[in-house]
Asker: 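What follows is a single structure, and I will ask about it in a moment.
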Amino acid sequence: MITIIGSGRVGSTIASQLVAESVDDLLLVDIIDGLPQGEGLDLTHMAAHYGSDVEVTGSNDYRDMTGSNLVIVPAGLARKPGMTRLDLLQKNTEIITKISEKIKEYAQKAIVMMITNPLDAMTYVALKTTGFPNNRVFGMGGMLDLARFTSLIAGSLGVSYESVQSMVIGQHGEAMLPLPRFSSVGGIPLLDMIGEGEANELVEKTRKVAAQVIEMKGATFYAPAKSVADMVQSIVRDKKTVIPVSAYLNGEYGVRDLCIGVPVVLGNNGVERVIELKLNEQEQTQFMKGATALKSALGQIGLHK
Ligand code: NAI
């Protein structure tokens with residue numbers, strides 16, 4: 001059984017994507033009375049349409065997650081227009097600390113996938129509060145940034161999304177690091193297809209596009225839900241897909257004791273291997289900018305000096 005804690009826009013859309021892909025039985029948990037139960041019923045009817053024999057239930061009681069092997073956490077406050085992800089820090093730390101204590105109590109063996117923003121900081125809070133091994137707690141951020149970068153590359157070249165392979169690492173926030181040097185189109189290096197100036201424009205657009213969506217419709221949820229579903233598939237089917245996730249680093253990329261976006265091999269055991277890219281000086285500087293911002297955010301909540 002997969003538990004999703006937080007049945008708001010992102011949580012319910014993740015559930016709907018997982019039902020459509022017929023992955024596993026689902027439990028939705030939220031603090032709002034009736035909301036997860038209602039989502040559960042609606043999604044059960046959707047499952048009937050798909051002929052997808054998964055059970056979807058809702059609950060306000062964390063105890064019901066007992067026995068879950070995967071817990072996905074999109075609970076807490078979301079950005080409003082004009083806010084950065086880091087603006088949510090204080091309040092969501094309280095929420096994620098409480099939820100992590102419950103996960104530790106009722107789902108000791110679970111893999112935990114964090115979604116709540118600010119993503120890298122909340123992943124670190126969940127890792128430290130549960131005390132689970134590093135491979136079992138990580139966050140979804142880079143996979144979504146990568147989908148945005150991919151869509152912009154494909155759009156600018158007029159090619160199929162399928163032909164584009166891109167990579168985005170670093171902080172899931174303003175200092176994210178889309179990597180044209182590690183992106184390709186039909187196997188051809190991206191920088192052989194477009195000039196550096198054009199690539200830099202796509203990088204800048206990738207950094208800003210989520211804020212634009214929030215400005216226009218108040219939230220993002222379809223693309224995040226599909227990113228989560230792809231990660232879930234890699235875990236439950238032990239596909240060992242190479243995906244950027246917010247993972248705990250202990251010296252890799254010159255960073256110690258932080259969760260930040262890096263490519264990993266994702267399988268049955270969660271983060272099975274961190275892949276270290278050979279960044280050039282400019283890329284490494286940008287990566288460290290994100291790491292430094294994160295350290296200072298964690299300092300604000302008393303988790304880092
Ligand atoms: P939302 O406001 O629609 O839903 C949040 C839900 O969390 C609400 O139903 C609320 O009742 C519930 N909640 C709050 N405290 C809880 C607790 N202690 N236990 C259980 N449920 C609790 O917000 P939305 O749009 O679904 O966003 C959720 C989070 O996901 C936000 O922090 C947002 O910034 C983040 N997000 C992250 C993305 C990523 O790429 N990592 C992408 C999109 C959103």
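Atoms within a ligand are numbered from 1 in the order they appear, just like the ligands themselves. Source: prediction; values computed, not measured. Below, each value reflects all heavy atoms present in this structure, side chains not excepted, and no hydrogens, waters or symmetry copies.
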Asker: So which heavy atom on Ile111 is nearest to which on Asn268, and how close?
Answerer: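 Looking at all heavy atoms of both residues, the shortest contact is CD1-O, 3.4 Å.
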Asker: With a 4.0 Å cut-off, would you call Glu21 and Lys226 a salt bridge?
Answerer: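 The answer is yes: the pair qualifies as a salt bridge.
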Asker: Run down the list Val29, Ile115, Val213 and name the one with the heavy atom closest to atom 35 (C) of ligand 1.
Answerer: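 Going through Val29, Ile115, Val213 one by one, Ile115 has the nearest heavy atom to atom 35 (C) of ligand 1.
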Asker: Short list, please: which atoms of ligand 1 are under 4.0 Å from a heavy atom of Tyr62?
Answerer: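 Counting from 1, the qualifying ligand atoms are 17 (C), 18 (N), 19 (N), 20 (C).
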Asker: Counting both backbone and side chain atoms, is some N or O of Ser7 under 3.5 Å from an N or O of ligand 1?
Answerer: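 No, Ser7 has no N/O under 3.5 Å of an N/O on ligand 1.
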Asker: What residue and atom, counting heavy atoms only, is the protein's closest point to atom 44 (C) of ligand 1, and at what distance?
Answerer: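 Here the closest protein heavy atom is Val10 CG2, 3.6 Å.
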Asker: So, taking the atom named NZ in Lys98 and the one named CD1 in Ile5, what distance separates them when rounded to the nearest 0.5 Å?
Answerer: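 Lys98 NZ to Ile5 CD1: 10.5 Å, rounded to 0.5 Å.
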Asker: Do any nitrogen or oxygen atoms of Arg9 lie less than 3.5 angstrom from nitrogen or oxygen atoms of ligand 1?
Answerer: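 Right, the criterion is met.
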Asker: Does Pro224 approach ligand 1 within less than 4.0 angstrom via side chain, backbone, both or neither, non-hydrogen atoms only?
Answerer: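 Contact part for Pro224 vs ligand 1: side chain (C-beta onward).
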Asker: Identify, by atom number and element, the atoms of ligand 1 in contact range of Asn92, meaning under 4.0 Å from any of its heavy atoms.
Answerer: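 Checking each atom against Asn92, I get 32 (O).
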Asker: Are any of the side-chain nitrogens in Lys239 or Asp230 under 4.0 Å away from the carboxylate oxygens of its partner?
Answerer: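 No, Lys239 and Asp230 are not salt-bridged.
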Asker: I need the minimum non-hydrogen distance between Ile260 and Asp120, along with the two atoms involved.
Answerer: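 Closest heavy-atom pair between Ile260 and Asp120: CA-OD1, 3.5 Å.
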Asker: Run the side chain to side chain contact (heavy atoms under 4.5 Å, CB included) check on Asp87 and Arg79 step by step: do they pass?
Answerer: CA-CA 8 Å; Asp87 290 336; Arg79 287 204 275 172; over 6 Å; no
Asker: Going by the order shown, which atoms of ligand 1 are within less than 4.0 Å of some heavy atom of Leu77?
Answerer: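 Close to Leu77: 31 (C), 32 (O).
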Asker: Assess Met122 for proximity to ligand 1: is some non-hydrogen atom of it under 4.0 Å away?
Answerer: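 Flag not set, Met122 not near ligand 1.
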Asker: Please classify the Leu144 to ligand 1 contact at 4.0 Å (heavy-atom distances, strictly less than): side chain, backbone, both or neither.
Answerer: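 For Leu144, only side-chain atoms sit under 4.0 Å from ligand 1.
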Asker: For Ile5, counting its heavy atoms only, list the atoms of ligand 1 lying under 4.0 Å from any of them.
Answerer: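 This gives 20 (C) as the contact atoms.
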Asker: Of all the atoms in ligand 1, which lie at a distance below 4.0 Å from a heavy atom belonging to Gly8?
Answerer: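 Ligand 1 atoms under the 4.0 Å threshold to Gly8: 3 (O), 4 (O), 6 (C), 9 (O), 26 (O).
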Asker: Pick out which of Leu26, Leu28, Thr57, Val54 makes a side chain to side chain contact (heavy atoms under 4.5 Å, CB included) with Leu43.
Answerer: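 The side chain to side chain contact (heavy atoms under 4.5 Å, CB included) with Leu43 is passed solely by Leu28 among Leu26, Leu28, Thr57, Val54.
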Asker: Rest of the hydrophobic cluster containing Leu191 (Ile/Leu/Val/Met/Phe/Trp/Tyr, side-chain heavy atoms under 4.5 Å)?
Answerer: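 Besides Leu191, the cluster holds no residue at all.
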Asker: What protein heavy atom lies closest to atom 29 (C) of ligand 1? Include the residue and the distance to one decimal.
Answerer: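 Nearest protein contact, heavy atoms only, for atom 29 (C) of ligand 1 is Pro74 O, 4.0 Å.
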Asker: Search all heavy atoms of Tyr253 against all heavy atoms of Pro263 and return the closest pair with its distance.
Answerer: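 Between these two residues, the closest heavy atoms are OH-CD, 3.5 Å.
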Asker: Gly76 versus ligand 1: do any nitrogen or oxygen atoms come within less than 3.5 Å of each other?
Answerer: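 Yes; the residue has a nitrogen or oxygen that sits under 3.5 Å from a nitrogen or oxygen of the ligand.
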Asker: Could you tell me, atom by atom, which parts of ligand 1 come under 4.0 Å of a heavy atom of Thr220?
Answerer: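 It comes down to these atoms of ligand 1: 42 (C), 43 (C).
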Asker: Is Gly141 close to ligand 1, meaning an N/O of one under 3.5 Å from an N/O of the other?
Answerer: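 No, no N or O pair falls under 3.5 Å.
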Asker: Please identify which atoms of ligand 1 are closer than 4.0 Å to at least one heavy atom of Leu35.
Answerer: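 Every atom of ligand 1 under 4.0 Å from some heavy atom of Leu35: 9 (O).
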Asker: Just which atoms of ligand 1 are under 4.0 Å from any heavy atom in Ile32?
Answerer: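 So the atoms of ligand 1 that pass are 11 (O).
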Asker: Compute the minimum heavy-atom distance from Met140 to ligand 1 and say whether it is under 4.0 Å.
Answerer: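 Under 4.0 Å: yes for Met140.
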